[in-house]
2 protein chains.
Amino acid sequence: MAGASIKEVARHAGVSLGTVSNVLNRPDMVSPTTRQRVLDAIAELGYVRNDSARQLRAGQSRTIAIVVLDVANPFFTDMVRGAEQVVEETGAMLIVCNSGEDSARERRHLELLEEQRVRGVLITPVGDGPQPHLEKLIDRDIPVVLVDRGTGRASRCSVAVDDVLGGRLAMDHLLDQGHRRIAYVGGPLSIAQVAERHAGAAAALEDRGAGAELRVAATTSLTVAAGRRAAQDLLALPARQRPTAVFCANDLLALGVLQELTARGLRVPADIAIVGYDDIEFAAAAAVPLSSVRQPREQLGRTAAELLLEEAEHGVAHQHRHVVFQPELVVRRSSDQVRRARR
Amino acid sequence: MAGASIKEVARHAGVSLGTVSNVLNRPDMVSPTTRQRVLDAIAELGYVRNDSARQLRAGQSRTIAIVVLDVANPFFTDMVRGAEQVVEETGAMLIVCNSGEDSARERRHLELLEEQRVRGVLITPVGDGPQPHLEKLIDRDIPVVLVDRGTGRASRCSVAVDDVLGGRLAMDHLLDQGHRRIAYVGGPLSIAQVAERHAGAAAALEDRGAGAELRVAATTSLTVAAGRRAAQDLLALPARQRPTAVFCANDLLALGVLQELTARGLRVPADIAIVGYDDIEFAAAAAVPLSSVRQPREQLGRTAAELLLEEAEHGVAHQHRHVVFQPELVVRRSSDQVRRARR
DNA sequence: TATAGCGGCTAAAACGTTTCATCCAGTTGA
DNA sequence: TCAACTGGATGAAACGTTTTAGCCGCTATA
């Protein structure tokens, strides 16, 4: 029972091998009576298609992969859910791979995906430099869509949110609130999003921040724990260098900073204001509700998946596109001086 | 360049097909000089193994799947990370599938996984009843390990946390704090964890809760949004029926309840106390730090993966095991009457 | 000197599909 | 009555691996 092949089904139903295949793939090309005989045989033998053989013949799988930086970061899981919606409508399967911000793991995953001849890859790449493994996929005509990551490259589609603008929004807001010593918490800078959000903040400062300064507190990853450590570093500074506001590269960091500051007895935003990035669901529910730069998380995943499917379908005729969404600042208590007064 | 097969590599290196295969799979069986010739050819042609063909021949893939109830729930992503650690050490690949608490999607995923002849499946099943698709996998000798879900069945391994005990811990704590009208927020009850946590709470009440009552506020899913709706329902009750404490089936619900109560101007824990379940990272960082029943999230994933690999390796010789971890109550401000007084 | 053993390699079969060229028996049209 | 077509089925080839049996030339042993 376990492991009947198409051949045994054929024998059992007294028909040829090709006929069984037809029943499976274009049922209306076979007469109702034989079709039924075949279906009965299938049911009786508990036959299940062997996808390896199918793929081998087809040269391609019906699987699409999404490679994210951190599967435990709600920003990415929301993105995954968006992509899922689109992919599953087509009967394909979305598999989720986690690079964990580790470029060796990323490479390993891409190698395996290439061996599997996946139909396409959605990826938020770890590094910012040249991406030989991605190029290799593209050489093989496996469509690649960069997610949450713009690109000048004409060789692939991309879906991104304007991170420079996001950085500007956050910085402008903090400057508006009267802050003059501001820290940017994030890292590693090799992650493009981290660098661009910083660039935006720096540009805003440049434009109008006479007398203001932006210090970088580098982290090694984008997690709550890293945020806590960064906060410790900031608190170790001499009082007159200590920032009055912190802009974090993502919400996990911001939550970590918030936890550590609170644990050390500082008040947010009275002593130090915080702005995060992503606006994950938990930002609004934090001990002090977190101001954050909102990204259209599910939309990002949906759009990326749509571009990928389009490319997979149209092949060479496909025109690469670069979709850029606008972020939006959501001000909550963690950076709101007015409410602070009211508190 | 895109799509060289082993055959072309062989021709290019002037050697037979089997030799190339040997270079790939048991390099020391082939002499250094030919080995190098083959490796050169591989590099030059950009050859990449075709996993479909490999699997077809092997009859099995090197992929392990984990099917979770909600990929956006940090509890599950932590579990996934635990499983990843173990699986990747073996060179296999872990693919993450999301059933979204939807049994049709779960079935669809299992069908696809079966077609792919995955080496094994880690799953937190949606329903509690008989599980025909799981049985089907097992009939096919595909190992299945139930995660976060105990079972009496002898036909598979399982890894779980004692949910009845967890429910007891939460309820005992609330009773200790003097609460007498308590609500259990969770659902659907067809999810075993939901039912067992409730059972534990009910048992605790039975044991010692003279004069106390436990009302069930059923939800349709285990999300923040569902928690908010449940809180609205509770607030719609006449004042004298309104509970003074809420025990939630997971932390997402608890955060939702917390948000809604706060938005409606109620104080936590003064007006209503809350205890959650899972102790996800965000529980401690919530507006009011959340008491929660802690589960060993990553450990759960690691152990499950280890059991699965063991079964996959030893085949029939394998003895099914059922590992049960103990949960632990973490009391924070959301249910702490002492701190409430101090506040 | 015959024999056995061995390292290194080859040739061919097998895995389970899908597809393509054929074939066959009816039916239609002239 | 014959040719042309048609719907429904068949048989075989092909996809790219891995594995197994076997071959060949060499060395060590008796």
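The figures that follow rest on heavy atoms only: side chains count, while hydrogens, waters and symmetry mates do not.
Regarding B/N50, its CG atom lies at a distance of 16 Å from the P atom of C/dT17, rounded to whole Å. Between the CG atom of A/N22 and the P atom of C/dT17 there is a distance of 14 Å, given to the nearest Å. We find that NZ of B/K7 is positioned 13 Å from P of C/dA11, with the value rounded to whole Å. Summarising the geometry, the separation between CG on A/L56 and C1' on C/dT18 is reported as 10 Å, rounded to the nearest angstrom. Distance, B/L17 CG to C/dC9 C1': 13 Å, rounded to whole Å. Rounded to whole angstrom, the span from the CE atom of B/M29 across to the C1' atom of C/dC6 amounts to 11 Å. Going from atom CZ of B/R26 over to atom P of C/dG8 covers 14 Å, rounded to whole Å.
Between B/E88 and A/R108, none of the side-chain N atoms (NZ, or NE/NH1/NH2) sits under 4.0 Å from a carboxylate O, so this pair counts as no salt bridge. Comment: A/R156 engages A/E135 in a salt bridge, judged by a side-chain N to carboxylate O separation of less than 4.0 angstrom.
To the nearest 0.5 Å, atom CD1 of residue A/I95 and atom CE of residue B/M93 are 4.5 Å apart.
Checking each of B/T77, B/V67, B/L122, B/V80 against B/V96 for a side-chain contact (heavy atoms from CB on, under 4.5 Å) leaves exactly one that passes, namely B/V80. A side-chain contact (heavy atoms from CB on, under 4.5 Å) with A/C157 is found for exactly one of A/H322, A/H318, A/E306, namely A/H318.
A/R57 contributes a side-chain N or O that forms a donor-acceptor pair with the base of C/dT18 under 3.5 Å.
Scanning DNA chain D 5' to 3' for nucleotides with an atom closer than 4.0 angstrom to a non-hydrogen atom of chain B gives a first and last hit of D/dG16 to D/dT19.
Comparing A/R117 and A/R35 by the nucleotide of DNA chain D whose heavy atom lies nearest to each, the residue mapping closer to the 5' end is A/R35.
The phosphate of C/dT18 has OP1 or OP2 within less than 4.0 Å of a side-chain N or O from A/S21. Residue B/S16 places no side-chain N or O under 4.0 Å from the OP1 or OP2 atom of C/dC9.
Side-chain N/O atoms of B/Q55 and A/Q55 include no donor and acceptor closer than 3.5 Å.
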